[in-house]
Amino acid sequence: MEATGRRLAMTGHRTIVIVSVYLPSPKPLLRSDLRTLLALGDAVILFGDFNCKNPRWGCAVMDENGEKLDRLQDRLEFEIIAPSTATYFPYNDSNRPSTLDIALTKGVALYLNCIEPLHRLLSDHRPVLLKIGPPDNGRLISTIKITDWKRVSTAFEKIDTPPLNNIPDDIRTTEEIDHAIGALTNHVRTVVGKCERKVPASSDRQKFPPDIFELIRAKNAALRRASAYPTPECRSRARALQREVKARVQEFRNESWSDLMEEIRPSHKAFWKITKAFKTEGYTPIPPLKRPDGTTALDDAEVAECIADSIETQCSHVSPPHDIAHINSIEEEVLQKTSLGPKNDLTPVSLSEVQLLVKSLKTRKAPGLDGAEVIGIHKPGKPRDLPASYRPISLLSGLAVREFLKLVSVITCSVKALSLMNSSVFAGLMSQAGVPQGSALSPLLYSAYTNDIPRPTSGVQLALFADDTAIFFRSRTRCSTFCHLPKAIDELGQ
């Protein structure tokens with residue numbers, strides 16, 4: 001293992017040893033190397049390319065070095081800090097990206113952020129950045145200890161333990177009494193200490209007014225009564241108090257925020273804290289994305305094109321309609337109705353009237369060809385390296401159009417989007433699906449499109465409002481509900 005270290009003397013913290021580490025790929029990870037480096041000081045940070053693969057820090061596979069490093073963590077008592085995305089992107093597309101750059105820390109009481117890969121070079125190995133600051137950004141945290149007394153009681157039930165076995169059954173002298181008392185006291189302190197945990201003290205939090213505390217106590221009493229006597233009246237009372245407490249707490253917080261915004265000045269102790277909270281330094285850039293063909297989009301321009309292709313795929317007909325007979329019947333009915341003559345003496349609309357109405361429309365309100373600023377918002381819980389895991393948020397005047405059951409002609413709209421990633425632009429796309437945003441026909445077409453949605457059977461109710469659809473079923477048993485709802489969902493999907 002190759003290593004280069006420096007000692008860093010800090011005010012308010014013991015000397016830190018920072019070591020840059022590189023382990024070549026063919027060489028194995030040796031326990032003696034880690035023990036030697038971690039023994040260089042009381043506070044040590046090992047940072048670099050360890051070439052250890054383990055799913056714990058984002059790798060797709062586990063190798064021998066990664067498994068060994070995971071086992072040594074508890075034995076050598078160090079912590080592992082890993083980036084949220086991969087740091088190595090091989091040029092060979094058949095090989096998957098890996099997270100090779102990690103940090104090992106021991107005895108460090110500083111505030112360590114997650115390692116951030118910097119996607120600014122075209123190398124297959126990305127540079128990484130580890131931000132180090134004072135504990136909790138310089139603010140001392142007051143803590144309190146909370147004891148889990150159930151664990152304490154369970155631990156005391158075990159009488160066959162070494163501390164208790166050292167106490168003799170027959171105690172005669174004063175020294176034996178003192179020894180037994182000391183052994184029992186140490187055992188109690190040890191058990192209680194193992195069952196304690198430190199949590200931040202709430203002394204700096206804003207206190208609620210007395211009326212809210214009264215509501216909380218009444219709510220807790222109602223919940224206890226509803227648990228002991230689960231009658232409809234008790235449950236209704238508990239739910240009503242829960243809603244009342246939630247509304248009163250939200251009202252109090254809104255009032256406190258409004259008062260703070262009115263009185264805050266640069267001299268206020270919370271001024272710079274709020275200013276820092278409003279800044280967008282915490283934005284996580286979009287990492288390299290995987291394309292459907294298995295390749296990886298590395299730089300910003302490729303990432304923008306990858307997101308654009310994903311949006312185009314989502315706004316296209318990926319498969320032909322499954323109910324061709326239904327579409328043909330609607331086409332025939334439309335043609336039959338349009339062939340009928342008018343039922344009144346109204347004058348037919350002329351082309352000049354249509355042109356006059358179109359020219360009188362406000363151009364800034366009509367959808368059409370326009371530029372769009374798009375930023376990808378990551379969907380919680382989704383993989384960060386997939387383009388479909390990002391929700392495109394944009395300011396579009398017109399997005400695309402949907403071929404609506406052959407009732408209207410297909411309208412295509414070229415959407416040129418600008419991604420807010422270092423001003424990377426992807427080319428114009430032709431979208432064949434979607435509804436024009438801002439069009440007066442959109443609500444009517446959507447209502448007609450969803451008007452023939454099948455109504456579920458077996459007592460399941462269907463509720464429609466705008467683009468929201470909900471199905472619900474009322475039953476006294478869960479089994480009946482779980483039986484009817486999936487059947488209704490299957491009926492809607494057919």
Pairing of K53 and D63 as salt bridge, 4.0 angstrom limit: no
Nearest heavy-atom pair of V108 and V44: which atoms, and what distance? CG2-O, 3.6 Å
Any pair with a residue in residues 215-239 that passes side-chain hydrogen bond (donor to acceptor under 3.5 Å, both in side chains), sequence neighbours left out, goes on the list, sorted by first then second residue, please. E214-R217
One pair to check against side-chain contact (heavy atoms from CB on, under 4.5 Å): L104 and E79. What are the steps and the verdict? CA-CA 6 Å; L104 309 183; E79 299 294 333; over 6 Å; no
D385 side chain reached by T85 side chain, heavy atoms, under 4.5 Å: no
For the pair D170 and R172, evaluate side-chain contact (heavy atoms from CB on, under 4.5 Å) and give the outcome as yes or no after the intermediate values. CA-CA 6 Å; D170 188 9; R172 298 180 178 180; 2.9 Å; yes
Walk me through whether V249 and V245 qualify under side-chain contact (heavy atoms from CB on, under 4.5 Å). CA-CA 6 Å; V249 169; V245 169; 4.2 Å; yes
What's the spacing between S256 OG and R253 CZ if we round to 0.5 Å? 9.5 Å
What is the minimum heavy-atom distance between T87 and V128, and which atoms define it? CG2-CG1, 3.7 Å
Charged N to carboxylate O under 4.0 angstrom, K68 versus D70? no
For K290 versus C306, what's the shortest heavy-atom pair and its separation? O-SG, 4.1 Å
Pairwise distance SG(C195) to NZ(K145) - rounded to 0.5 angstrom: 12.5 Å
Going through the distances and angles, do L29 and L69 end up as a side-chain contact (heavy atoms from CB on, under 4.5 Å)? CA-CA 8 Å; L29 178 67; L69 183 63; 3.7 Å; yes
Closest non-hydrogen atom pair between L72 and F78, with its separation: O-CE2, 3.2 Å
In the structure I gave you, are the side-chain heavy atoms of V188 and F156 within less than 4.5 Å of one another anywhere? yes
In this structure, are over 12 heavy atoms from other groups packed under 6.0 Å from Q242 atom CD? yes
Under a 3.5 Å distance rule, please check whether N54 uses its side chain to pair with a backbone N or O of G66 as donor and acceptor. yes
Spacing of L34 atom CG and Q73 atom CD [to the nearest 0.5 Å]: 11.5 Å
If we only count heavy atoms from C-beta on, is the Y390 to R384 side-chain gap below 4.5 Å? yes
Pairing residues for F47 by the ring pair (Phe, Tyr, Trp, His ring centres under 6.0 Å) criterion, not counting sequence neighbours: none
Rounded to the nearest 0.5 Å, how far apart are NZ of K106 and CD1 of I45? 14.0 Å
Rounded to the nearest 0.5 Å, what separates atom CG in L130 from atom CD1 in I81? 6.0 Å
So do the side chains of I212 and F252 get within less than 4.5 Å of each other, counting heavy atoms only? yes
Which residue is it: P287, P97, P117? I am looking for the one with a side chain to side chain contact (heavy atoms under 4.5 Å, CB included) to F89. P97
Shortest non-hydrogen separation from V303 to L298 and the atoms involved: CG2-O, 4.0 Å
More than 12 heavy atoms of other residues, nucleotides or ligands under 6.0 Å from CG of D293: yes or no? yes
Quick one: does R248's side chain get under 4.5 Å of D211's, heavy atoms only? yes
Counting C-beta onward and ignoring hydrogens, is there a side-chain heavy-atom pair between H187 and T190 closer than 4.5 Å? no
Minimum heavy-atom distance R75-R71, with the two atoms named: CG-O, 3.8 Å
Donor-acceptor under 3.5 Å (W149 side chain, V192 main chain): no
Rounded to the nearest 0.5 Å, how far apart are CZ of F50 and CD1 of I80? 9.0 Å
Heavy-atom check, side chain of P288 versus side chain of T296, under 4.5 Å: yes
P83 and T99, any side-chain heavy atoms less than 4.5 Å apart: yes
Closer than 3.5 angstrom, by distance alone: can the side chain of S389 be matched with the main-chain N or O of P383 as a donor-acceptor pair? yes
